[in-house]
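To keep things clear, I will list the structure first and then write my remarks on it.
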There are 2 protein chains.
Amino acid sequence: MSSRSETITRILDSAESHICKKGYNAFSFREIAHEIGIKSASVHYHFPTKANLAAAVVLRYTDSFIKSLGEPNSPNADAKDLLKNYIQEFQNVLISNDSMCLGGILSAELTSLPDEVADATRQFFIENLRWLTDVLQLHFGVNDIAISHFKAMKILAMLEGTLIVMRSLNREVQFEEMVEDFLNLS
Amino acid sequence: MSSRSETITRILDSAESHICKKGYNAFSFREIAHEIGIKSASVHYHFPTKANLAAAVVLRYTDSFIKSLGEPNSPNADAKDLLKNYIQEFQNVLISNDSMCLGGILSAELTSLPDEVADATRQFFIENLRWLTDVLQLHFGVNDIAISHFKAMKILAMLEGTLIVMRSLNREVQFEEMVEDFLNLS
DNA sequence: GTCTATAATTTGATAGAC
DNA sequence: GTCTATCAAATTATAGAC
């Protein structure tokens with residue numbers, strides 16, 4: 001849709017990478033500027049404040065993440081493939097070096113975030129939960145809305161928690177086993 | 001054992017509270033000093049560096065957390081009570097205002113932490129996993145070590161993830177339902 | 001759109017008096 | 001053990017030239 005300039009894209013890419021690795025409070029405009037070969041004042045030209053930049057990062061991340069999951073309402077979507085793909089997205093985060101899920105790391109830091117960034121972070125989780133709930137209701141016959149919400153929460157929490165725990169324990173995760181677990185929908 | 005001075009205890013308390021709420025990169029010596037009514041230079045007298053202080057916080061937290069869980073080897077320990085108590089500890093974190101599990105928030109920020117703090121954080125998870133694995137093996141007859149490790153990881157990840165997700169979604173968690181889930185050990 | 005220059009503030013940390 | 005005073009560095013952000 002809106003064709004962002006190359007510079008803006010590179011700023012967002014760099015900021016996203018830094019936030020996923022270290023969080024909101026450990027990256028600076030100078031770092032990002034240096035990384036893409038401009039000065040920090042030029043970053044401020046595109047994103048007036050740090051909160052503004054971080055919020056833009058989260059919105060783009062959420063949008064691209066949800067879009068990558070596929071449409072739960074699509075009639076020919078395979079139910080288990082949808083969930084497998086979802087888990088695969090988290091597995092990708094684990095594989096990409098020293099990174100966390102953007103939503104997960106920001107949610108951990110939530111109390112220290114500017115409102116703008118905290119709101120965008122909450123939205124990430126709301127949209128994830130909505131997608132998961134839709135999949136569970138449409139494809140797994142979980143009609144009770146309280147139950148489907150609980151199961152969706154369980155899946156999301158398990159994946160975020162796995163990233164958190166695996167960050168400190170360098171053990172390789174058996175994501176395959178987790179997939180099975182979830183598909184059984186115990 | 002070592003009788004720490006009142007001041008040291010208050011510094012550690014304040015630092016722990018700040019880290020649990022905002023993470024390592026969003027608290028300062030001045031904040032803590034002001035909170036307990038001394039000057040930041042006096043905090044440096046007790047803890048030379050920020051890394052030093054944070055590491056001390058994590059070590060104390062881990063020690064007290066594990067101790068509070070009860071001894072898995074104790075012959076008269078009730079198996080389900082041990083696990084229920086474990087989950088209760090996490091529920092307490094959720095109830096205490098705007099707080100995360102110290103290990104969870106630091107693990108999210110791991111790449112931005114001084115080595116000293118990162119190492120202490122890893123140790124928190126190692127000791128949690130050891131305790132959980134012991135409980136599973138001693139009381140639930142999970143003899144296959146790979147399986148008990150996986151189940152322990154699942155429980156720990158689920159609890160850390162629940163804290164992360166619930167921080168952004170202000171929904172009340174059905175911990176009771178989770179307890180049932182875990183006790184079934186699906 | 002990018003730059004130089006700089007303001008205003010905060011931070012981790014140290015020296016030395018009491 | 002706590003204080004005052006201060007440093008050196010980093011940070012977010014702005015003004016104004018090109």
Side-chain angles (χ1 to χ4, degrees), chain A residues 2-19 21-58 105-106 109 111-121, chain B residues 2-19 21-58 105-106 109 111-121:
Chain A
S2 63
S3 81
R4 274 167 158 154
S5 82
E6 179 64 23
T7 301
I8 287 181
T9 299
R10 286 165 71 201
I11 292 173
L12 289 171
D13 288 346
S14 172
E16 178 179 314
S17 163
H18 275 96
I19 297 176
K21 283 174 186 150
K22 307 178 298 179
Y24 177 82
N25 298 296
F27 86 91
S28 73
F29 273 51
R30 273 181 175 76
E31 255 178 316
I32 288 175
H34 181 262
E35 200 166 297
I36 69 178
I38 61 178
K39 297 295 176 182
S40 74
S42 305
V43 179
H44 277 283
Y45 170 78
H46 297 286
F47 300 96
T49 67
K50 190 180 179 179
N52 189 293
L53 169 55
V57 168
V58 181
I105 193 165
L106 288 178
E109 292 180 308
T111 320
S112 74
L113 300 180
D115 287 346
E116 204 179 345
V117 186
D119 289 345
T121 301
Chain B
S2 64
S3 83
R4 275 167 157 153
S5 83
E6 181 63 24
T7 301
I8 288 181
T9 299
R10 286 164 72 199
I11 292 173
L12 289 171
D13 288 345
S14 172
E16 179 179 311
S17 163
H18 275 95
I19 297 176
K21 284 175 184 149
K22 308 177 301 181
Y24 177 82
N25 299 295
F27 85 93
S28 74
F29 273 51
R30 274 180 176 75
E31 254 177 317
I32 288 175
H34 181 262
E35 200 166 297
I36 69 179
I38 59 177
K39 298 295 176 182
S40 73
S42 305
V43 180
H44 277 284
Y45 170 79
H46 297 286
F47 300 96
T49 67
K50 190 179 181 181
N52 189 294
L53 169 55
V57 168
V58 180
I105 194 166
L106 289 178
E109 291 180 308
T111 321
S112 75
L113 301 181
D115 287 347
E116 206 180 344
V117 186
D119 288 345
T121 302

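Below, read A as the first sequence line, B as the second, and so on, with proteins coming before strands; counting in each chain starts at 1. Quick note: numbers below take in every heavy atom, side chains included, and nothing from hydrogens, waters or symmetry partners.
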Atom [atom1] of [X] and atom [atom2] of [N]: how far apart are they, to the nearest Å?
X: A:I36; N: C:dT2; atom1: CD1; atom2: C1'; value: 11 Å
X: A:H34; N: D:dT11; atom1: NE2; atom2: P; value: 13 Å
X: A:K39; N: D:dT11; atom1: NZ; atom2: C1'; value: 16 Å
X: B:E31; N: C:dT9; atom1: CD; atom2: P; value: 18 Å
X: A:E6; N: C:dT2; atom1: CD; atom2: P; value: 11 Å

(request) Inspect the contact between B:E31 and B:K22 and indicate whether a charged nitrogen and a carboxylate oxygen are less than 4.0 angstrom apart. (result)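 Yes, B:K22 and B:E31 are salt-bridged.
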Nearest heavy-atom neighbours spanning [X] and [Y]:
X: A:I105; Y: A:G23; result: CD1-N, 3.5 Å
X: A:V43; Y: A:A33; result: CG2-CB, 3.8 Å
X: A:A26; Y: B:S112; result: CB-CB, 3.9 Å

(request) Side-chain contact test, heavy atoms from C-beta onward, threshold under 4.5 Å: evaluate it for A:P114 versus A:Y24 and give yes or no. (result) yes
(message) Less than 4.5 Å apart, side chain to side chain, heavy atoms only: is that true for A:D119 and A:V58?
(response)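 They are not in contact (no side-chain heavy atoms under 4.5 Å apart), so the answer is no.
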(request) For nucleotides 12-18 of chain C, just jot down a letter per nucleotide in 5' to 3' order: B, S or -, based on protein non-hydrogen atoms under 4.0 Å. (result) BBB----
(message) Taking only side-chain N and O atoms of A:Y45, does any of them lie within less than 4.0 angstrom of OP1 or OP2 on C:dG1?
(response)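 A:Y45 to C:dG1 OP1/OP2: side-chain N or O found under 4.0 Å.
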